[in-house]
Amino acid sequence: MSMFCYQCQEAAKGTGCTVKGVCGKTDEVANIQDLLMYVMKGISQYSTLAREAGIENEKVNRFITNGLFMTITNANFDKVKFVEAIREGLQLREEIKKQAEDAGVAFGELHHSASWFAETENDFDAKARVVGILTTENEDVRSLRELTIYGLKGLAAYVEHADNLGFEKSEMYSFMQKALKATTDDSLSVDELVALVMECGANGVTAMAMLDEANTTAYGNPEITKVNIGVSNKPGILISGHDLKDMEQLLKQTEGTGVDVYTHSEMLPANYYPAFKKYEHFVGNYGNAWWKQNEEFETFNGPILFTTNCIVPPKANSTYQDKVFTTGSSGFPGFKHIVADENGVKDFSEIIELAKTCAAPIEIEKGEIIGGFAHNQVMQLADKVVDAVKTGAIRKFFVMAGCDGRMKSRDYYTEFAAALPKDTVILTAGCAKYRYNKLELGDIGGIPRVLDAGQCNDSYSLAVIALKLKEVFELNDINELPIAYNIAWYEQKAVIVLLALLSLGVKNIHLGPTLPAFLSPNVAKVLIDTFGIGGIGTVDEDMKMFLN
Ligand code: SF4
Ligand code: SF3
């Protein structure tokens with residue numbers, strides 16, 4: 001075993017990647033990510049005690065947030081970036097320690113002092129191999145610690161997007177650091193760790209609400225939009241990932257240059273925002289969910305900008321690998337990385353100049369898909385929706401949010417969506433939608449049968465809609481609503497969405513295509529017994545179960 005990682009749904013053999021990641025992450029990168037996690041846990045020992053003494057270090061807050069985000073599946077494969085982050089982290093650790101000591105805070109000895117980390121990268125490699133996930137021997141404790149950490153990674157992603165738009169809450173940073181510290185505390189009982197997981201979910205709700213406020217304040221409320229999936233005859237730039245501030249800057253900088261802009265994968269919902277729709281050179285969406293990029297980037301012809309996950313390593317003979325750029329938390333060796341200046345401004349001129357030399361994209365699809373059903377838009381249709389439920393025109397809603405992935409078993413979601421009775425409506429968010437958003441599922445009295453609220457973080461909108469319906473129907477419990485949850489997961493943003501839903505009291509969520517490898521049998525049992533969490537079976541069996 002040269003590494004161990006089991007954080008995503010595609011963990012090898014359903015238990016964990018031990019030689020190389022199924023995602024393409026090398027053992028070296030997996031180990032150095034573990035070392036960065038370890039450094040962040042170390043910083044959090046000091047920053048948490050410092051905070052209790054009234055000291056808050058903004059650099060630490062941002063460092064921890066970005067460090068967690070960088071280790072999300074498919075965000076960053078660049079070892080050099082992790083080595084740089086570890087070096088910066090060690091300096092920050094000394095800084096916050098000194099700040100706190102100067103203020104009279106006393107610390108005990110930490111297990112590993114700064115001198116334990118030597119200067120060379122080879123030494124980092126050696127250290128990296130002794131701080132990984134398996135150092136927690138008890139599998140239930142390990143499971144709860146990692147469940148917390150994966151929730152934190154998703155949380156950090158949403159906190160960082162909001163921060164990029166000028167929205168932040170000190171309590172979010174404080175929770176991340178407190179929870180990281182708690183994952184090193186051997187005195188915590190299983191019950192205390194379960195409580196920590198639930199607290200993580202509650203913080204997930206706050207973070208998603210904050211990001212929703214940030215996005216809608218900056219760019220308006222998403223509105224019903226028909227998104228073109230064909231192409232123009234001009235060269236284009238394809239923007240992927242989840243960061244809307246990057247989207248805004250790219251649209252502004254490309255205006256009038258003769259270069260068009262297309263969204264890819266999780267950036268599709270950018271098409272629903274009034275502030276972006278106004279750009280004439282914003283053509284629409286190209287391609288599908290992240291895992292098809294090796295094929296679809298070949299035909300796009302123009303440069304590609306990753307703002308976050310999900311990156312798939314290009315094949316050795318790919319024709320596009322010299323045209324890929326990363327920014328923010330994302331990175332890949334050989335891809336050019338664009339950093340923001342001190343005012344948060346990113347200069348995309350190199351991408352634009354490159355695009356001008358490229359051919360227009362090759363059309364791989366034609367037509368339109370419809371979306372923009374975030375909470376504000378759905379509330380404007382509330383009367384219609386409520387009537388449809390009261391008259392029985394809508395029998396049930398199916399929340400099918402989450403992630404897509406490459407496993408063949410995910411065909412289940414396409415088949416399930418196609419097999420749903422005509423008096424049901426799918427509520428979706430995240431890249432899971434690509435499994436069925438191009439099927440002709442029709443509408444119910446003008447309400448489309450697939451209501452796309454947006455990105456994975458916009459799953460918050462689905463919770464707001466559910467809470468609103470609970471109020472309208474005067475129900476005591478969110479679980480009395482005619483809503484079933486059949487959610488697909490892949491990476492750690494789906495983990496925070498799941499924990500957020502649990503913290504809102506949602507029960508009987510079905511999760512697929514497989515349950516997480518990081519849930520030990522005992523922890524899985526707690527989730528099943530307390531929240532009614534379940535997996536998936538066949539489409540036929542599940543359809544009967546959900547409709548009864
Ligand atoms: Fe394996 Fe997933 Fe970890 Fe990649 S992120 S190494 S695929 S478990
Ligand atoms: Fe997708 Fe990577 Fe999770 Fe934001 S882009 S939902 S998998």
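Position 1 is the first residue of the sequence, and the numbers go up from there.
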Student: Pick out which of M176, Q177, K178 makes a side-chain contact (heavy atoms from CB on, under 4.5 Å) with S44.
Tutor: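 Of the listed residues M176, Q177, K178, the side-chain contact (heavy atoms from CB on, under 4.5 Å) partner of S44 is Q177.
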Student: Any side-chain heavy-atom pair from N271 and F282 closer than 4.5 angstrom?
Tutor: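 Yes, side chains in contact.
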Student: Testing the basics here: between G24 and F77, what is the closest heavy-atom pair and its distance to 0.1 Å?
Tutor: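 That would be C-CE2, 3.9 Å.
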Student: Begin with the C-alpha distance, continue with both residues' side-chain angles, and end with the deciding distance and a verdict on salt bridge (Lys or Arg N to Asp or Glu O under 4.0 Å) for D411 and R435.
Tutor: CA-CA 7 Å; D411 288 350; R435 286 281 165 178; 3.0 Å; yes
Student: Can a side-chain donor-acceptor contact be found between Y272 and N221 if the only test is distance below 3.5 angstrom?
Tutor: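 There is no such pair between these side chains.
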Student: Check whether any side-chain N or O of T299 sits under 3.5 Å from a backbone N or O of E296 as a donor-acceptor pair, and report yes or no.
Tutor: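 Between the backbone of E296 and the side chain of T299 there is a qualifying donor-acceptor contact (under 3.5 Å).
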Student: For the OH atom of Y158 and the CD1 atom of I496, what is their distance to the nearest 0.5 Å?
Tutor: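 The distance works out to 8.5 Å.
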Student: Quick one: are the ring centres of Y490 and W291 less than 6.0 Å apart?
Tutor: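 Here the rings of W291 and Y490 have centres that are no less than 6.0 Å from each other.
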Student: Spell out, as yes or no, whether a donor-acceptor pair under 3.5 Å connects the side chain of T327 to the backbone of I338.
Tutor: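 Flag set: sc T327 to bb I338 pair under 3.5 Å.
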Student: State whether the side chain of Q253 and the backbone N or O of L250 hold a donor-acceptor pair below 3.5 Å, judged by distance alone.
Tutor: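 Judged by distance alone, no pair lies under 3.5 Å.
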Student: So do N215 and L165 actually touch side chain to side chain, heavy atoms under 4.5 Å?
Tutor: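 The answer is yes; the side chains approach within 4.5 Å.
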Student: N479 and N508: side-chain donor and acceptor closer than 3.5 Å?
Tutor: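 Distance-only check fails for N479 and N508.
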Student: Within the distance-only criterion (no hydrogens, no angle test), does the side chain of Q7 pair as donor or acceptor with the backbone N or O of T71 below 3.5 angstrom?
Tutor: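 Here the side-chain-to-backbone pair exists.
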Student: Taking atom NZ of K336 as the centre, report whether more than 12 heavy atoms of other residues, nucleotides or ligands fall under 6.0 Å from it.
Tutor: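 Check fails, neighbour count at 12 or below.
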Student: Taking all heavy atoms of H375 and all of D212, pick out the closest pair and write down the distance.
Tutor: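 Smallest heavy-atom distance, with atoms named: NE2-OD2, 2.9 Å.
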Student: Check step by step if side-chain contact (heavy atoms from CB on, under 4.5 Å) holds for E266 and N309.
Tutor: CA-CA 9 Å; E266 270 287 71; N309 58 318; over 6 Å; no
Student: Sub-3.5 Å donor-acceptor pair from the side chain of S330 to the main-chain atoms of F306, do we have one?
Tutor: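 Yes, because the side chain of S330 sits within donor-acceptor range (under 3.5 Å) of the backbone of F306.
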Student: Of the non-hydrogen atoms in A182 and L196, which two are nearest, and what is the gap between them?
Tutor: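 Nearest pair, atom of A182 first, then L196: CB-CD2, 3.7 Å.
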Student: Is it true that atom NZ of K277 has more than 12 heavy atoms of other residues, nucleotides or ligands lying nearer than 6.0 Å?
Tutor: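 Yes, enclosed.
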Student: Got a salt bridge between K468 and E471, using NZ or NE/NH1/NH2 to carboxylate O under 4.0 Å?
Tutor: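 Answer for the salt bridge query: yes.
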Student: Looking at side-chain heavy atoms only, is the closest gap between S409 and T514 below 4.5 Å?
Tutor: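 Result no, sub-4.5 Å side-chain heavy-atom pair not found.
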Student: Is the shortest heavy-atom distance from the side chain of E168 to the side chain of V159 under 4.5 Å?
Tutor: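 No; the side chains remain at least 4.5 Å from each other.
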Student: List the steps, then state whether side-chain contact (heavy atoms from CB on, under 4.5 Å) holds for H337 with F325.
Tutor: CA-CA 6 Å; H337 190 76; F325 295 76; over 6 Å; no
Student: To the nearest 0.5 Å, what is the distance between CE on M210 and CG on N203?
Tutor: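 Nearest 0.5 Å value for the CE-CG distance: 10.0 Å.
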Student: Under 4.5 Å between any side-chain heavy atoms of L152 and L155, yes or no?
Tutor: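 L152 reaches L155 side chain to side chain.
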Student: Supply the atom-to-atom distance N74 CG to E10 CD, rounded to the nearest 0.5 angstrom.
Tutor: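 Here the rounded value is 8.0 Å.
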Student: Testing the 3.5 Å rule here: is there a donor-acceptor pair between the side chains of N285 and T263?
Tutor: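 Yes.
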Student: Is it true that, when you exclude E480 itself, more than 12 heavy atoms of the residues, nucleotides or ligands shown sit nearer than 6.0 Å to its CD?
Tutor: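 Yes, CD of E480 has more than 12 neighbouring heavy atoms, counting only those of other groups under 6.0 Å.
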Student: I'd like to know whether M267 forms a side-chain contact (heavy atoms from CB on, under 4.5 Å) with L244, so could you lay out the CA-CA distance, the side-chain angles of the two residues, the decisive distance to 0.1 Å, and finally the verdict.
Tutor: CA-CA 8 Å; M267 199 55 93; L244 295 186; 4.0 Å; yes
Student: Is a side-chain donor or acceptor of T254 paired with a backbone partner of V259 at a separation under 3.5 angstrom?
Tutor: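 It does not hold such a pair.
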Student: Looking at residues at least two apart in the chain, or sitting in another chain, which of them share a ring pair (Phe, Tyr, Trp, His ring centres under 6.0 Å) with H510?
Tutor: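 H510 satisfies ring pair (Phe, Tyr, Trp, His ring centres under 6.0 Å) with F546 only.
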Student: Does some side-chain heavy atom of Q33 sit less than 4.5 Å from a side-chain heavy atom of K25?
Tutor: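 Counting from C-beta outward, K25 and Q33 do come under 4.5 Å.
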Student: Is the backbone N or O of T73 less than 3.5 Å from a side-chain atom of Q492, with the two atoms forming a donor-acceptor pair by type?
Tutor: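 Checking the backbone N and O of T73 against the side chain of Q492, a donor-acceptor pair under 3.5 Å is found.
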Student: Decide if the gap between the ring center of H264 and the ring center of F297 is smaller than 6.0 angstrom.
Tutor: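 Ring-ring flag for H264/F297: true, centres closer than 6.0 Å.
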Student: Report yes if the side chains of T65 and D163 come closer than 4.5 Å at any heavy-atom pair, otherwise no.
Tutor: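 The answer is no, as the side chains (C-beta and beyond) never meet within the 4.5 Å cut-off.
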Student: Donor-acceptor check, side chain of N76 to backbone of M70, threshold 3.5 angstrom: yes or no?
Tutor: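 Such a contact is absent between N76 side chain and M70 backbone.
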Student: Show the nearest heavy-atom pair for residues A11 and C17, with the distance to one decimal.
Tutor: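 For A11 and C17, the tightest heavy-atom pair comes out as CA-SG, 4.0 Å.
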Student: Is the closest basic N to carboxylate O distance between E255 and K252 below 4.0 Å?
Tutor: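 Looking at E255 and K252, the cut-off is not met.
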Student: List the steps, then state whether side-chain contact (heavy atoms from CB on, under 4.5 Å) holds for R449 with I426.
Tutor: CA-CA 6 Å; R449 287 194 52 233; I426 295 172; 5.8 Å; no
Student: Output the distance between atom CD1 (I351) and atom NZ (K346), rounded to the nearest 0.5 Å.
Tutor: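 Spacing of CD1 (I351) from NZ (K346) equals 10.0 Å.
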Student: Please enumerate all residues that pass side-chain contact (heavy atoms from CB on, under 4.5 Å) together with P314, with sequence neighbours excluded.
Tutor: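 P314 satisfies side-chain contact (heavy atoms from CB on, under 4.5 Å) with S318, Y320, Q321, F332, F335 once adjacent residues are dropped.
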Student: Does the ring centre of Y150 sit less than 6.0 Å away from the ring centre of F518?
Tutor: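 They qualify: ring centres under 6.0 Å apart.
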Student: Is E365 salt-bridged to K438, cutoff N-O under 4.0 Å?
Tutor: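 Looking at E365 and K438, the cut-off is met.
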Student: Would you say P222 and T216 make side-chain contact, with heavy atoms under 4.5 Å?
Tutor: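 In short, these two side chains touch, coming nearer than 4.5 Å.
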Student: Taking atom types as modelled, is there a side-chain donor on K169 or T206 under 3.5 Å from an acceptor on the other?
Tutor: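 There is no such pair between these side chains.
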Student: Considering non-hydrogen atoms only, spot the tightest contact between A179 and T148 and give its length.
Tutor: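 Between these two residues, the closest heavy atoms are CB-CG2, 4.1 Å.
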Student: Between the side chains of Q380 and N376, is a donor N or O closer than 3.5 angstrom to an acceptor N or O?
Tutor: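 A pair is found: one side chain offers a donor N or O, the other an acceptor, under 3.5 Å apart.
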Student: Under the criterion side-chain contact (heavy atoms from CB on, under 4.5 Å), which of V389, T424, I465, L462 is the partner of F397?
Tutor: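 Exactly one pass, corresponding to V389.
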Student: Is it true that the side chains of N66 and E160 contain a donor and an acceptor less than 3.5 Å apart?
Tutor: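 Distance-only check passes for N66 and E160.
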Student: May I ask you to decide if the ring planes of F416 and Y412 are parallel, tilted or perpendicular, using 30° and 60° as cut-offs?
Tutor: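 Answer is parallel, since the angle falls under 30°.
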Student: Could you tell me whether the side chain of D458 and the main chain of S461 form a donor-acceptor pair under 3.5 Å?
Tutor: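 Not at all, since once roles are kept as given, no pair shorter than 3.5 Å links the two residues.
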Student: Considering non-hydrogen atoms only, spot the tightest contact between D260 and Y262 and give its length.
Tutor: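 Looking at all heavy atoms of both residues, the closest pair is CB-CE1, 4.0 Å.
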Student: Got a salt bridge between K470 and D477, using NZ or NE/NH1/NH2 to carboxylate O under 4.0 Å?
Tutor: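 Judged by the 4.0 Å cut-off on N to carboxylate O distance, K470 and D477 do not form a salt bridge.
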Student: Please find out if less than 6.0 Å separates the ring center of Y436 from that of Y413.
Tutor: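 Ring centres of Y413 and Y436 not closer than 6.0 Å.
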Student: Under 6.0 Å between ring centres, would you say that holds for F69 and H161?
Tutor: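 Yes, the ring centres sit under 6.0 Å apart.
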Student: Any donor and acceptor pair, going by atom type alone, linking the side chain of E491 with main-chain N or O of K493 inside 3.5 Å?
Tutor: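 Pair found, side chain donor or acceptor close to backbone of K493.
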